[in-house]
Each structure stands twice: as structure tokens, then as C-alpha cells.
Amino acid sequence: MNVLVLNCGSSSIKYQLLNMDAVPVVLAKGIVEKIGLTYGSFTYKPEGKDKVVAEQPIMDHSVGMDLILKALVHPDHGVLKSLNEIDAVGHRVAHGGEYFSESVKIDDEAKAKIKALGEIAPLHNPANLKGIETMEKLLPSVPQVAVFDTSFHQTLPKKAFIYGIPYEYYEEYGVRRYGFHGTSHKFVAEKACRILGWDITEKKIITCHLGNGASITAIDKGKSVDTSMGFTPVAGLVMGTRAGDLDLGALLYICEKEGLDLPKANNLINKKSGVQGISGVSSDFRELQAAMEKGNEKAALALDVFCYNVKKYIGAYAAVLNGVDLIIFTGGIGENDNLVRWETCKNMDYLGIQVDKQKNEVRGKDTIISTEQSTTTVMTVTTDEELVIAMDTVRLS
Ligand code: AMP
């Protein structure tokens, strides 16, 4: 069975075609970028062949999707003989609100709910829906499935998702903690337990998804019980360019001082903050470390703040879980950045956490990085959100 996985943003489409017959194989992948701008770009990488890159205007999502489908069946670099070989399409959908605690096969009702949730996820859900509707037109007989970033966190107890604001804002507008990166947190927790031969329903796990967006989740007996992102993905950890937890009074004060309106304030907390904002150097941890090594104090401070925040959340979630059996690092930073893992986990022996310096010198692997004596196991586990989407698509289509 071949599954096309799509992650549609407002001006981009990330895609992968996977064959799911036995061991999943990525047949082709790539990205369409700068949709709607004068110069769009299209990249396509078929398995075992050279990458194809094209620069051209890509007016809208349907033009972008058409490029993807044509590339997949291209006589030279295609990986399919015909589009009939695409058996299902899986979509990453950002916000499932309280409607979707599971992935779902797309029908009119699902589309109506995804559309309605555009109200609370205006940056993502409309683009996700556009992807679904475009695919319906281009491949009308192919089943489609939506996999939500939020659904894994629908098991949060009310005390973990209600904010300290008038209750009617939850009732009237759905303002509450939803959490994101759910597919990744679930995937790495289950994968780690498979590797360790553990029964997830007996374990207390903290998953740290540290990428450009970053979040931490407390998982009790396989269920998400708390998570650091909130109503939107701007909450929780200090991230690449997102502020994370911030005194709301401070934001109001800055808005007043700088005369910021809502879009500008939104831009400030989402695009100009985080380690980028602190350092003034970069949101990329490789560049931050290079700057720190050259003596840049703000880059060093940004890294310090980041690790300190991850540590604080681990401590908080150990309290929530009443202990922790396993801590997992994943995402671009979590999988690759040994310094962040080391700085985060050091001086946490009160929690039985002891990282082995040598084992920690690892990148992009599924492996234990804690010492034999560490009573809490610490692992790096590679995430694969596209694979989760493909697996759910196979199951539901
Ligand atoms: P993601 O959003 O999960 O793709 O993660 C992207 C981020 O991972 C980048 O912005 C970098 O900060 C970080 N990253 C990727 N590779 C490395 C690496 N080798 N060392 C340190 N950080 C890395």
C-alpha cells in the first residue's frame, strides 16, 4: 500500500510517499515552498536517485500538489507508473480541538470541524483543509485521513488544561491547553518502550521534543497527562523564535511601550523571541554553539536559558508523575545536540538521573545515554511524524 503524506502550511507543502507493505519505505519526499510568491521552489527526492529542484512561480496549493503528483509519475525520476498506485493520502492537521481525540477518515463532517477549528488555529487549519480539498479534486477516489497534532493530549485531566481565567472563555471560545507535537510524543514513547521491552502501561515517561518548536509531555501509563504547549504552540519552553512561558503583564507592558498592535505582538512572541531573540544571533543551535565558542555571551546565555527551562519542566513533570522511569530526547535538537542534553540532565541526581558523558556523544540514534547506575533511564529516540501519519492512514483508510 502506497500512502502520500502531506503537511500543508500556508505557503508550503511538505510531502512523503511511503510504501507500507512490509517495513515502511520512503519512495520519495520533498517540499513545495513559497506558494503564492513570485518565485516558488519545488524539491523532489526519489529514493536512490538524484534530487530534482525547480524554481518557478507556484500560484496556489493546487499548482503545488499538481507538481508533486506529476513528479511521482515522471518517466525519468518518477517512482510510480500511475497515480492509481497511490492508495491513500494522510494529512497532518494542526488542531483537532476537543472534537478529535483520534485520527479520522475524512468525510464532510470531519472537514466541517477542521474548518470550524480554523477559528482557534488560523495559521494552520485553513492551510491543512486546503490541502485536503485540493487532494479530493486531484485524486477523487482515494481515501484521505487526518492526523492531529493535538489528539494525543486529549487525555489531559481538566486540572492540567484549564487556565486561570474566567471559565466562560473555555466554555464560549474553547480557550484551554491543547498541546501539540502529539504524534511525536506518542511515537517516541512507544518506540522507546518497544526497544527496552517495557510495557508502556506500567511506566512514567517524560518526552522532550526539542526542535525549532519544542515541547515536553508527561506520559503516565501511555497517556498524556500534561504538556508544555498550550492553546497555541507559543507556550511552554523557550524555543527557536517563540517566547514560551512569559509573564502576560510583561507582554502588555512591551505592547504599551512599543505601541504594538495584536499582529505585531503575535509576531514578537512567535517569530522574534526565543533563543533568537535572546542571542540576536540565530534560532539554530549549531550557530548558537559556534557563536558561544567564539565568546558570544548572549549566545551562551540563550543556550543556558533553553536548558534551564527544559530542566524545570522535567522537574515539574516528575512531580506530576510522582517519579519518572524514562526521559526521552527527540527532535532536531534532542536527537543531535549532546551539549543541550548534558546541561539539562546534569545535577539531577536527586531524581536518579545520571547521563553517561561518552554514551551521550551520539547523534540521530535510538539509544540509552544514561549510566548503568541511573535509576531513571535517559534515551535519545528519533522521531518520524510522517511514519505515524502513514501508519494511521493505513489503519483508517
Ligand atoms: P526540527 O524542528 O526538529 O527539525 O529541529 C531543527 C533544529 O534542530 C535546528 O534549528 C537546529 O537548532 C537543531 N539541530 C539540527 N541538527 C543539529 C545538530 N547536529 N546539532 C545541534 N542542533 C541541531
Side-chain angles (χ1 to χ4, degrees), residues 5 7-9 12-16 26 29-31 33 43 45 92 94 123-124 149 179-189 191 207-217 227-229 232-244 270-294 296 298-310 328-345 355 357 359-367 369 379-389:
V5 173
N7 180 357
C8 293
S12 69
I13 309 169
K14 290 193 196 113
Y15 65 94
Q16 273 193 17
V26 178
K29 63 179 176 181
I31 183 164
E33 286 174 290
T43 62
K45 171 75 180 80
R92 179 180 190 171
L123 294 180
H124 298 104
D149 265 16
F180 296 86
H181 290 145
T183 43
S184 176
H185 289 291
K186 178 171 187 278
F187 178 73
V188 296
K191 189 188 199 184
T207 44
C208 310
H209 178 111
L210 310 180
N212 208 18
S215 66
I216 302 203
T217 295
T227 191
S228 59
M229 283 180 169
T232 73
V234 78
L237 299 172
V238 169
M239 305 179 215
T241 61
R242 294 186 197 134
N270 277 290
K271 299 266 161 69
K272 293 189 162 175
S273 297
V275 291
Q276 163 79 61
I278 297 170
S279 67
V281 172
S282 174
S283 62
D284 190 301
F285 278 55
R286 289 159 290 197
E287 290 176 22
L288 283 177
Q289 275 164 28
M292 180 180 76
E293 276 155 26
K294 285 190 193 138
N296 186 312
K298 284 191 185 150
L301 175 65
L303 288 166
D304 236 13
V305 171
F306 182 86
C307 297
Y308 180 69
N309 271 272
V310 179
I328 299 171
F329 286 93
T330 192
I333 299 160
E335 292 168 27
N336 295 302
D337 195 323
N338 54 336
L339 183 73
V340 164
R341 293 190 301 253
W342 179 258
E343 290 298 319
T344 300
C345 292
V355 166
K357 206 156 197 172
K359 288 187 193 165
N360 186 40
E361 301 284 323
V362 71
R363 286 191 200 291
K365 287 224 172 80
D366 301 326
T367 188
I369 57 165
M379 288 184 78
T380 58
V381 178
T382 56
T383 194
D384 192 340
E385 288 164 281
E386 283 77 13
L387 179 60
V388 181
I389 296 170

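In listed order, ligands and their atoms are each counted from 1. Since the structure is predicted, the reported quantities are computational estimates derived from the model, not experimental observations.
E385 and R92 are joined by a salt bridge, as a carboxylate oxygen and a charged side-chain nitrogen come within less than 4.0 angstrom of each other.
Under a cut-off of 6.0 angstrom, the local environment of NZ in K14 is sparse, with at most 12 non-hydrogen atoms contributed by other residues, nucleotides or ligands.
A donor-acceptor contact shorter than 3.5 Å links the side chain of T241 to the backbone of N270.
T232 is linked by a side-chain hydrogen bond (donor to acceptor under 3.5 Å, both in side chains) to nothing, counting only residues two or more places apart in sequence or in another chain. For E361, the side-chain hydrogen bond (donor to acceptor under 3.5 Å, both in side chains) partners two or more places apart in sequence, or in a different chain, are N338.
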Any protein N/O atoms within less than 3.5 Å of an N/O atom in ligand 1? List the atom names and distances, or say none.
residue	atom	partner	partner atom	Å
ligand 1	2 (O)	N212	N	2.9
ligand 1	3 (O)	G332	N	2.9
ligand 1	8 (O)	I333	N	3.4
ligand 1	12 (O)	F285	N	2.8
ligand 1	16 (N)	R286	NH1	3.4

Distance-only donor-acceptor hits, side chain of residues 208-215, under 3.5 Å, sequence neighbours excluded:
residue	atom	partner	partner atom	Å
H209	ND1	S184	OG	2.7
S215	OG	H181	ND1	2.8
S215	OG	H185	NE2	2.8

